[in-house]
Structure formats: structure tokens, C-alpha cells
Amino acid sequence: MLELIASQGGCLALPAATGADWRFEFGSLDAMLGCVAAGMGYTVLPRGTVEAHQHRFGIHTLELPASIANVDTYFVAPEPEHPPSCQT
């Protein structure tokens, strides 16, 4: 998805262009935002998350195009033996 956004903005998406797979997986939000601040790449996060942490990193937000900005979000949990009371 990020390669699509970059290409629409006139940027060359190197992994897509070279066939390289430059995906990183991180175990913490600090690691993810630190790498973005260091110029290693981009991430898609809720605006509130970025706003809460941007004072610690040299990062900013760009609004996604409406055609891809709205996504379904789900709470994921292990199967309970008894459904929690918050389920309807």
C-alpha cells in the first residue's frame, strides 16, 4: 500500500522497482517510530498514536487519500471459553 501512495505522489518505490523485499517487523512502537525518524521507511498508524509520540521523534503525518484511508479495524483476542460481556 505504501508503494502505491508513494508512486501516486511521484516517488520511486525502490522495493517494488527492484524486486527487493524491504519489510521490517518490530516488537515495539518505539522501534518502529525510531526507524521512520531515521529515514528507514514509512508506517501507517492511527493519527492519535503519532500525535502522542511525535514530540519524541522527528516525524510528521501526511493524510492518506480518502480512497484508502478508511479501513475496518478489529479487536483480536484468543477464543474464550465463555464470550465476554462486551460482545453483542
With Val36, which residues qualify under side chain to side chain contact (heavy atoms under 4.5 Å, CB included), at least two apart?
Thr43, Ile59

Ala37 and Gly58 have their tightest heavy-atom pair at CB-N, 4.0 Å

Does any pair with a residue in residues 59-76 pass salt bridge (Lys or Arg N to Asp or Glu O under 4.0 Å), and if so which ones, sequence neighbours excluded?
none

Tell me, which pairs form a salt bridge (Lys or Arg N to Asp or Glu O under 4.0 Å) where one or both residues lie in residues 49-61, sequence neighbours left out?
Asp30-Arg56

To the nearest 0.5 Å, tell me how far Met32 CE sits from Phe57 CZ.
10.5 Å

Mind checking the CZ-CD spacing from Arg47 to Gln54? Nearest 0.5 Å is all I need.
11.0 Å

First locate atom CG of Leu29, then atom CG of Leu45, and finally report the distance between them rounded to the nearest 0.5 Å.
6.0 Å

